[in-house]
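One structure is given here, and the rest of the page talks about it.
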Amino acid sequence: MIGAATVLLVGGGVIGWQALSDRPSEPVTAVQPGQDPSLEALAGAAVSGGPGKDGIPSIDKPDFVPSGEADFLADDEPVFGLEYGGEVRAYPQQVLVWHEIVNDTVGGKQLAVTYCPLTGTVIGLAAPSGTQDLTFGTTGRLVNSNLLMYDRQTGSEWPQLLGTAISGPLKGTRLDTVPLVWTTWKQWRTAHPDTEVLSTKTGALRSYGSYPDRSGYYAGGGPLFPVLATSDRFQDKDVVIGVRVGTERLSIHKDLVHKARTVRADLAGTQVEARWDDQLGTARVVQRAGERWEPADFLDSMWFAWYAFYPNSQVRQ
């Protein structure tokens, strides 16, 4: 196998291997200028990430501990923070890098907390009203270098960043989204001392205790797998805040939110504000709903991945 395959390590988590001779060097399907890729184009662009179906096992029976019992976490360690349905939870990156999907129940709702290490995207996903509850697993394939999931109820396939089925009985169905925030364990537990924490008792034999090194894959370079569209407006691994309202999309460079404190925009006739949260050291996005503000559909993403799915997105920098 030496010289024939490569193993991608992200802070100790093996997220895939692929024979070098099988890795395409060019996008699989063309995208029309000024248009986002069709579901058919995305389905046709799926490539093997190395492991087979469920080779990266989801966590289906998550175990949580109080913050005072999370002695496996260092203060500066990244966690993904969730506030939903009256519950507050932290999902450590060191755990999710090995599993990518946590099939959870939060606030009485079936919710999949998902993380793609290759695109830096974290988001909660749930079946929309009128659709049966869905649980998810990993297909072992990627679209635009992003995790391609499948649901166990219908077998439909869903790119994690897109949240829309690109094949199967639910093709075209869009999942409801719940935002999570990137922060550190110290910042999150200081803001939420009553938080629960996903433990390392996952039922899988994994070497937990490390997480992606910011001086490694996340620091620079391009995607490791083919993407349908590219742009040099930002560096590939720059972090943008992707926002979706109706059929319109907006990306805001995260550094801009940090510097400006608040970035305002109008998206699909809706007022949107990206606000910097000093306590958590991250950005949140809210949208106007009558006289109040409510969480928008937003997520952190590496620029290359957001653009590959949404080349027609508006951009603020």
Side-chain angles (χ1 to χ4, degrees), residues 8 15-19 21-56 58 100-101 103 112 114-123 125-128 130-132 134-177 222-231 236 242 244 246-249 297 299 301-313:
L8 173 61
I15 60 177
W17 67 268
Q18 179 164 334
S21 61
D22 292 340
R23 180 182 296 172
S25 59
E26 298 295 334
V28 178
T29 310
V31 175
Q32 295 299 318
Q35 295 182 12
D36 293 342
S38 66
L39 300 182
E40 292 76 18
L42 291 167
V47 299
S48 171
K53 188 175 183 179
D54 292 318
I56 299 174
S58 62
E100 303 189 351
I101 299 170
N103 288 302
T114 66
Y115 168 52
C116 178
L118 289 172
T119 55
T121 45
V122 181
I123 195 162
L125 298 168
T131 304
Q132 64 181 313
L134 301 173
T135 56
F136 296 89
T138 59
T139 63
R141 294 180 293 139
L142 305 164
V143 175
N144 286 330
S145 207
N146 179 244
L147 162 66
L148 182 62
M149 314 181 302
Y150 75 96
D151 73 76
R152 297 193 176 113
Q153 286 68 36
T154 75
S156 301
E157 296 185 336
W158 317 72
Q160 178 247 12
L161 191 158
L162 189 71
T164 298
I166 59 173
S167 66
L170 295 180
K171 179 181 177 182
T173 300
R174 176 158 175 73
L175 298 170
D176 292 340
T177 60
L224 295 177
F225 295 87
V227 296
L228 287 170
T230 60
S231 167
D236 284 336
R244 297 177 284 215
T247 60
E248 295 191 16
R249 309 290 178 252
D297 175 8
L299 77 166
S301 174
M302 293 179 185
W303 165 244
F304 82 81
W306 181 262
Y307 186 84
F309 282 102
Y310 301 119
N312 203 32
S313 173

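These numbers were taken from a predicted model, which means no experiment stands behind them.
- Note that OG of S167 is 7.0 Å distant from CG of L148, once rounded to the nearest 0.5 Å.
- Distance OG/S48 to CZ/F225: 7.5 Å, rounded to 0.5 Å.
- Under 3.5 Å, the side chains of Q153 and T135 contain a donor-acceptor pair of N or O atoms.
- Under the 3.5 Å distance criterion, the side-chain polar atoms of T119 are left unmatched by any main-chain donor or acceptor of M302.
- For the atom pair CG of L162 and CG of L39, the computed distance is 7.0 Å after rounding to the nearest 0.5 Å.
- Between the CG atom in L147 and the CZ atom in F136 there is a gap of 10.5 Å [rounded to 0.5 Å].
- The main-chain N or O of N312 is found under 3.5 Å from a side-chain atom of D36 such that the two form a donor-acceptor pair.
- At least one donor-acceptor pair closer than 3.5 Å links the side chain of N144 to the backbone N or O of L228.
- Here the CZ atom belonging to F309 is positioned 12.5 Å from the CZ atom belonging to R249, to the nearest 0.5 angstrom.
- With contacts defined as side-chain heavy-atom distances shorter than 4.5 Å, the pair L161/Y310 qualifies.
- At least one side-chain heavy atom of L125 sits less than 4.5 Å from a side-chain heavy atom of T177.
- Of the N and O atoms on the side chains of T139 and E157, not one donor lies less than 3.5 Å from an acceptor on the other residue.
- Proximity of V47 to P226: side-chain heavy atoms (C-beta onward) are separated by under 4.5 Å at one or more points.
- The closest donor-acceptor contact from the side chain of T138 to the backbone of I56 lies under 3.5 Å.
- In this structure, CG in D151 is found 4.5 Å from CG in L134, a value given to the nearest 0.5 Å.
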